[in-house]
Asks: 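The structure's right below; bear with me while I get my questions together.
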Amino acid sequence: MKPLICYKQFSPQHLELQWKPEIAPDTLFAIRQAKAIVERELGSTFHEARIGYHSLSLHFKEGISFQDVVPTIDKLLHNPPKEYHESRKRWRIPVWYNGKDLQQVAATHELSSKELIQLHSAPNYLLHFYGFMPGFMYLGGLAKTLHTPRKAKPDPKIEKGSVAIGGKQTGIYPLESPGGWHIIGKTPINLFDPAASPPLKPEPGDEINFFPIDQEEFDQLSLDAKSAIHYESI
Amino acid sequence: MSQYKGIVEVIKPGFYTSVQDLGRPGLGHWGIPISGPMDEQSYLLANHLLQNDPPSACLEMTMTGGTFKFHHQAIIVLTGANGKAHINGKAISINQVVEIAAGHELEIGPFYKGTRMYLGIKGGFKTALSFESRSWYRGLTKYFRCPKGLRIPFEAVAEHSHNNHSKVGIDDSLFENNVLDVYPGPEATEMSNGNFEALFEKSFHLSDLQNRMGIQLSETFKNHLKEILTAPVYPGTVQLTPGGKIIILMKDAQVTGGYPRILQLSPESINILAQKKPKDPIRFRLKEF
């Protein structure tokens with residue numbers, strides 16, 4: 001497992017564990033394992049554990065002493081239980097690649113629309129965490145060719161289900177929102193349902209794969225209220 | 001059909017009014033913000049005065065109060081910011097528990113002190129729950145700000161109340177205090193020599209770029225920090241943008257962010273900041289833990 005590099009306390013109740021700053025699958029798996037261990041051993045003492053690309057932040061219920069808590073966590077993480085294993089899934093998400101910025105993004109990178117769609121739908125993206133808004137996935141693995149600086153002027157309204165590229169990332173807007181990413185397509189699948197339990201299915205550590213569909217398939221899936229997101233075990 | 005008999009009709013919603021309870025802590029892993037009252041102290045005072053449980057939902061009004069018609073009798077209180085308030089033309093004061101009769105209107109004007117006022121009601125407002133909280137948030141609840149004409153349910157009071165209504169004096173410290181207690185944020189150690197210390201040497205002022213997600217300060221603060229890899233943030237996290245803008249995240253803050261996190265406000269300082277207006281001065285004071 002990738003080693004932790006430091007602990008940073010930033011209020012009496014907040015402690016952050018940091019790994020080397022990079023977006024890497026190894027880092028995510030180390031964070032996920034550390035999260036599982038501290039949740040199991042110390043879970044009752046904090047409100048929640050939040051993850052970022054290279055950090056795990058703990059919000060404790062009471063003020064903590066760095067001198068007490070850090071050695072405890074350090075000890076737990078240095079002797080990880082051998083049985084630790086995550087079962088991971090690969091979720092397949094249909095996308096109708098007809099976004100309003102598709103042509104422009106393709107042109108920027110001197111690609112045809114078809115080449116862009118192939119590049120975008122080929123990888124198995126790693127779901128690092130949810131952030132930005134409820135149900136918004138931070139995905140790792142976008143092809144370098146498709147890295148595109150965010151728009152200078154954000155769009156005031158991006159439709160729910162829009163699939164977009166922003167900087168080195170790609171993602172899906174689970175709710176209508178303003179946003180500065182380039183819209184390349186749309187999924188008919190409802191990824192975030194606040195009335196469902198849990199409200200979303202893919203878990204951090206899972207993979208996401210996009211597959212192209214046409215307008216007819218999009219309409220069909222949109223009409224079918226039960227159209228679900230499918231996965232395979234990996 | 002609502003199971004609650006009481007209804008308050010919103011005649012005028014005011015500038016920005018929303019239903020708030022103690023929010024949704026613990027759901028950051030789904031990208032769901034904590035939400036809840038911007039000034040938790042005044043919100044809790046409203047429920048305390050009404051002898052409600054702390055999570056009983058109140059209305060949070062921003063800068064200007066609204067006009068509300070009570071279709072059923074209720075026991076209410078206003079806390080937090082101060083502004084002229086009348087029930088059918090008769091003045092009521094802040095922090096005073098009062099009974100309002102069915103058919104009467106509560107009219108609240110612009111605030112002359114503070115920015116956020118809470119309308120508490122005996123038994124709490126009973127709008128729909130989302131993840132066990134009634135706090136409004138875009139995408140999770142039907143409304144995120146109060147529209148005109150909305151009918152808000154509450155638990156109607158069955159009998160006339162007694163005369164033991166409490167009233168407390170106004171504690172002005174929340175409004176007079178300009179000092180925000182802070183701790184060094186995760187990226188504080190990456191600031192250059194003297195740059196971090198400079199945060200505590202001068203006053204800053206609130207800009208008019210503010211909402212329930214965050215408050216931006218007017219000043220530009222020179223720095224050499226670059227954006228960071230997206231990392232967790234919380235209400236009270238102070239971000240410094242590459243352009244030198246300081247943003248203090250508030251209760252509807254998203255759960256992660258990409259700007260360096262230079263400071264973290266104490267929970268009490270979030271309440272103080274919630275009552276400040278654009279152009280008001282603030283200072284940061286470094287606290288030990």
Side-chain angles (χ1 to χ4, degrees), chain A residues 6-24 27 35 39 46-59 61 63-66 128-138 160 167-169 173-177 192 194-195 197-200 203-204, chain B residues 23-35 128-133 137-142 144 181-190 213 226-238 252-258 261-270 287-289:
Chain A
C6 67
Y7 292 87
K8 285 183 174 170
Q9 186 174 2
F10 59 100
S11 99
Q13 289 161 263
H14 291 94
L15 180 71
E16 185 163 286
L17 285 60
Q18 292 186 351
W19 284 259
K20 190 179 159 198
E22 58 186 355
I23 300 178
T27 310
K35 182 172 183 275
E39 278 179 344
F46 51 84
H47 290 298
E48 63 174 321
R50 289 185 177 180
I51 64 180
Y53 278 122
H54 71 112
S55 49
L56 173 66
S57 132
L58 306 175
H59 181 200
K61 291 175 183 169
I64 55 154
S65 145
F66 190 88
H128 284 256
F129 54 91
Y130 288 97
F132 173 52
M133 68 163 95
F136 190 93
M137 300 174 186
Y138 278 79
K160 171 180 170 168
K168 297 174 184 175
Q169 297 174 68
Y173 284 82
L175 301 166
E176 186 188 299
S177 146
F192 179 78
S197 178
L200 31 81
E203 293 268 347
Chain B
R24 307 179 177 82
L27 300 180
H29 57 285
W30 287 333
I32 297 175
I34 294 173
S35 297
L129 288 163
S130 174
F131 299 99
E132 298 175 31
S133 165
Y137 186 79
R138 196 194 286 260
L140 297 187
T141 53
K142 189 170 174 189
F144 63 92
D181 283 327
V182 295
Y183 305 97
E187 277 72 58
T189 48
E190 280 152 50
M213 290 177 74
K226 292 200 177 70
E227 289 196 30
I228 58 168
L229 289 178
T230 303
V233 293
Y234 295 90
T237 300
V238 181
D252 279 352
Q254 53 194 60
V255 304
T256 56
R261 303 155 297 170
I262 55 169
L263 300 169
Q264 177 71 34
L265 265 62
S266 71
E268 297 75 21
S269 295
I270 297 177
K287 271 195 93 172
E288 306 269 327
F289 45 73

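The basis for the numbers below is simple: all heavy atoms, side chains too, and nothing from hydrogens, waters or symmetry mates. Below, chain A is the first sequence line, B the second, and so on; all start at residue 1. Everything numeric here is computed off the predicted structure, so don't read it as measured data.
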Asks: Surrounding NZ of A/Lys168 (heavy atoms of other residues, nucleotides or ligands, distance under 6.0 Å), is the total greater than 12?
Replies: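 Check fails, neighbour count at 12 or below.
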
Asks: Where does B/Val233 contact chain A at under 4.5 Å (heavy atoms): side chain, backbone, both or neither?
Replies: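 Just the backbone, heavy atoms under 4.5 Å.
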
Asks: I need the single residue from A/Ser197, A/Pro194, A/Pro134 that forms a side chain to side chain contact (heavy atoms under 4.5 Å, CB included) with B/Phe131. Which is it?
Replies: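 Result: among A/Ser197, A/Pro194, A/Pro134, A/Pro194 is the only option passing the side chain to side chain contact (heavy atoms under 4.5 Å, CB included) with B/Phe131.
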
Asks: Given heavy-atom pairs under 4.5 angstrom as the criterion, report whether the side chain, backbone, both or neither of A/Tyr138 touches chain B.
Replies: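 A/Tyr138 touches chain B through side-chain heavy atoms alone.
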
Asks: What part of A/Glu203 is in contact with chain B, defined as an atom under 4.5 angstrom from a non-hydrogen atom: side chain, backbone, both or neither?
Replies: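 Neither part, no heavy atoms under 4.5 Å.
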
Asks: Can you tell me how far OG1 of B/Thr237 sits from CZ of A/Phe10, rounded to the nearest 0.5 angstrom?
Replies: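 Answer rounded to 0.5 Å: 6.0 Å.
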
Asks: Mind checking whether A/His14 and B/Pro232 have side chains closer than 4.5 Å, heavy atoms only?
Replies: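 The answer is no; the side chains never approach within 4.5 Å.
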
Asks: Picking from A/Ala49, A/Pro21, A/Ala195, A/Ser57, which has the most non-hydrogen pairs under 4.5 angstrom with chain B?
Replies: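 Most heavy-atom pairs within the cutoff with chain B belong to A/Ser57.
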
Asks: For A/Ser11 and B/Tyr234, test the side chains for any donor-to-acceptor distance below 3.5 angstrom and give the result as yes or no.
Replies: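 Side chains of A/Ser11 and B/Tyr234: no pair found under 3.5 Å.
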
Asks: What's the spacing between B/Phe289 CZ and A/Gln13 CD if we round to 0.5 Å?
Replies: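 Rounded to the nearest 0.5 Å, the CZ-CD separation comes to 11.5 Å.
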
Asks: If the condition is salt bridge (charged side-chain N to carboxylate O under 4.0 Å, His left out), which residues does B/Arg261 pass it with, not counting sequence neighbours?
Replies: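 B/Arg261: salt bridge (charged side-chain N to carboxylate O under 4.0 Å, His left out) contacts with A/Glu16, B/Glu187.
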
Asks: A/Leu56 versus chain B, heavy atoms under 4.5 Å apart: side chain, backbone, both or neither?
Replies: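 Looking at A/Leu56, nothing touches chain B.
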
Asks: Atom NZ in A/Lys8, atom OG1 in B/Thr189: separation rounded to 0.5 Å?
Replies: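 OG1 of B/Thr189 is found 3.5 Å from NZ of A/Lys8.
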
Asks: Using the salt bridge (charged side-chain N to carboxylate O under 4.0 Å, His left out) criterion, which residues pair with B/Glu132? Sequence neighbours excluded.
Replies: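 B/Glu132 satisfies salt bridge (charged side-chain N to carboxylate O under 4.0 Å, His left out) with no other residue.
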
Asks: Please step through side-chain contact (heavy atoms from CB on, under 4.5 Å) for the pair B/Ile32 and A/Phe192, ending with a clear verdict.
Replies: CA-CA 11 Å; B/Ile32 297 175; A/Phe192 179 78; 4.1 Å; yes

Asks: For the residue pair B/Val255 and A/Phe129, establish whether any side-chain heavy-atom pair is separated by less than 4.5 Å.
Replies: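 Not touching, per the 4.5 Å side-chain cut-off.
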
Asks: Distance check, rounded to the nearest 0.5 Å: A/His54 atom NE2 versus B/Ile228 atom CD1?
Replies: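 Taking NE2 in A/His54 and CD1 in B/Ile228, the distance rounds to 6.0 Å.
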
Asks: Checking heavy atoms, do the side chain of B/Leu263, its backbone, both or neither come under 4.5 Å from chain A?
Replies: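 Neither part.
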
Asks: Could you grab the distance from atom CD of A/Glu22 to atom CG of B/Leu229, nearest 0.5 Å is fine?
Replies: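 A/Glu22 atom CD to B/Leu229 atom CG measures 9.0 Å (nearest 0.5 Å).
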
Asks: Side chain, backbone, both or neither: which part of B/Pro186 has an atom under 4.5 Å from a heavy atom of chain A?
Replies: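 When you check distances to chain A, atoms from both the backbone and side chain of B/Pro186 fall under 4.5 Å.
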
Asks: For the candidates A/Gly52, A/Pro199, A/Ser55, which exhibits the highest count of non-hydrogen atom pairs separated by less than 4.5 Å from chain B?
Replies: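 Of A/Gly52, A/Pro199, A/Ser55, A/Pro199 has the most heavy-atom pairs under 4.5 Å with chain B.
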
